[in-house]
Amino acid sequence: MDKLVVEGGKRLTGEIAISGAKNACLPILAATLLTDEECIIHNVPRLKDVSTMVCILESLGRKVEYEKNTIKISAGKVKACTAAYELVSTMRASIAVLGPLIAKYGEAKVSFPGGCVIGARPIDLHLKGLRALGVDIHIEEGYILASAKKMKGAKIYLGGHFGSSVLATANTLMAAVMAEGETIIEDAACEPELIDLANFLLKMGAQISGMGTPTLKIKGVKKLRGIEYTVIVDRIETGTYMLAAIATGGSLFLKGAKLEHNLALNDKLLESGGIVKERSNGIEVCRSGKKIKPIDITTLTYPGFPTDLQAQMMSLVTICEGISVITEKIYTERFIHVSELNRMGANIVLEGSTAIVKGVKKLSGAPVMASDLRASAALVIAGLIASGKTEISRVYHLDRGYEKIEEKLSAVGASIYRVKE
Ligand code: UD1
C-alpha cells in the first residue's frame, strides 16, 4: 500500500487547477444507463471511484473508454442488470445504478452497500423513493432485487432523520424521468452535484423543474437520448485547497473554482481572517494577517457547511488560538481523524457528535493512518502545517477522490511525495 510523506512548514503559493466533481460524475455515469445511445462526458477526474463506476458499467455489458478526462460510453444495451458485491462494496455510490436500471430495463439486482467507517449509512430513502413509483423491492442474500412492470409518477416526501439525501434523490429522480405521469419529490437534495445530474438528464430529453430547490417536479418521458456533457468542478476539492492555503499562511489561485458552491466555507473563512476573492476564472485565497480566529461549524445539507469538509476544517482550527466547536449533523460518527490529529499534537475532545478543538501552537509530524477519503485530506493539511515529517499510510482512500493530489500540492510549494510499497 502506498504512503504519502509530507514535510511540513511550507507556505503554498501559486495556482491549482480544480478537477471535475467526483460526486457529480458518479451519478451522471449511472444515468448513461438510461439510454442505448452513445454518451460522451468531459471533465471527468481520474480517480479510483470513477474507475469503479466504469467497471460497474462494463460488468453490466456497456463498452466504456476512459481516456484522460473524458469518458465515452458506446451505444448498446446492457447484457445483465446485476451490480455485484465485489464492486458495490468498494464504493457506496454504486447504488446509483439502481434507479436507471429499473427505469430502463424494469429490473435490477444491486448488492446492498452496507456501512462504512463514517457510520451506518442506510438506504431506506432510496428504497422509499423507488417503492413510491411502483417498484417491487426485496432484499435477498445481501442484494436488492427490484422489479417493476410499469412505474407511475407519485408525490414522494424524501426527507430522512438527517435531512435530504443526495443519492436517494438521484436514484428516485433517475427512475422518475421514465415513469408514467408526474412525480413530485419533496425535501429533495439541493446539492450542486444533484443539479448537475438534473441538467444532464434535461439534455438527454428528461422533463424536470425545481432543480436546486427542495421540490423537484418530473414529467416522465418514454425515451432519452445520448449526449455530450461537461461535468461541473469539484467544490470539495476546491474547499480542501482553500483550507490548505489558509492553514499554511499561503496564497492560492484555484483555477476553475466557483465560489457560489462554497458559500458556507467562504463565510467561515472570512469570519476567521481569510481573504477570498472571486475572479472570472477561479478563486483567490489567502490570510489577512498572521493569525486565524477560532471557527465554529455545524455540518448541514447544502447550502450549509458540507460534511465532506468537516475533517479538513478541523485540521485548520487545530492551530487557531482559542476554542473551535465542530458539530457533525450528517454523519454523527464521522470523527476517525480526531485520534490521528491528536497524535500530531492537536488538542481535540469529542462530546457525542461535537468536537471541541483547543488551539495549540503547532502540530508535529508523525506516522498516521488514513481512514476514509476526507479524513485523509485532513491529514494531508495537518502534515502541511506540522513541523517535521508526516507519513500517511493507506493513501488509497485519497486516490478515491483527489486527482493528482501530490502533483498539485508539489507544484505550489509543498514538500509531498508518494512512496510505493
Ligand atoms: C453523498 C456524497 C458524500 C457526502 C454525502 C453527504 C456522493 C457520491 N457522495 O453521499 O460524499 O458525504 O452525500 O453530503 O454524492 N441517509 C438515510 N437514509 C438513506 C440515505 C441517507 O438515513 O436512505 C442519511 C445518511 O446516513 C446521512 C444523510 O442521510 O446521515 C445524508 O446522506 P446522503 O446525502 O444520502 O449521502 P450520499 O448521497 O450517500
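Numbering of ligands and ligand atoms starts at 1, following listing order.
With rounding to the nearest 0.5 Å, the separation of CE in M53 from CD1 in I56 is 5.5 Å.
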Contacts under 3.5 angstrom, residues 275-282 side chains, donor-acceptor by atom type, not counting sequence neighbours:
residue, atom, partner, partner atom, Å
E278, OE2, L259, N, 3.3
R279, NE, E284, OE2, 2.9
R279, NH2, E284, OE1, 3.3

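Among pairs with a residue in residues 177-187, those fulfilling side-chain hydrogen bond (donor to acceptor under 3.5 Å, both in side chains) read K150-E180, Y157-D187, E186-T215, at least two apart in sequence or across chains. For residues 293-310, the side-chain hydrogen bond (donor to acceptor under 3.5 Å, both in side chains) pairs, not counting sequence neighbours, are T299-E328, T307-E328, T307-R334, D308-R334, Q310-E328, Q310-H337.
Each of K420, R394, K48 was compared with D2 under the salt bridge (charged side-chain N to carboxylate O under 4.0 Å, His left out) criterion, and only K420 meets it.
Atom OH of Y143 is surrounded by more than 12 heavy atoms from other residues, nucleotides or ligands within 6.0 Å.
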For ligand 1, list every N/O pair with the protein closer than 3.5 Å, one pair per line with the distance.
residue, atom, partner, partner atom, Å
ligand 1, 10 (O), R121, NH2, 3.4
ligand 1, 11 (O), N23, ND2, 3.1
ligand 1, 11 (O), D308, OD2, 2.6
ligand 1, 12 (O), D308, OD1, 2.6
ligand 1, 12 (O), D308, OD2, 3.4
ligand 1, 18 (N), D124, OD1, 2.7
ligand 1, 23 (O), P122, O, 3.3
ligand 1, 23 (O), D124, N, 3.1
ligand 1, 23 (O), D124, OD1, 3.2
ligand 1, 23 (O), L125, N, 2.7
ligand 1, 30 (O), I330, O, 2.5
ligand 1, 32 (O), Y331, OH, 3.3
ligand 1, 34 (O), V166, N, 2.8
ligand 1, 35 (O), S165, OG, 2.5
ligand 1, 36 (O), Y331, OH, 2.9
ligand 1, 38 (O), L167, N, 2.8
ligand 1, 39 (O), R121, NH2, 3.1

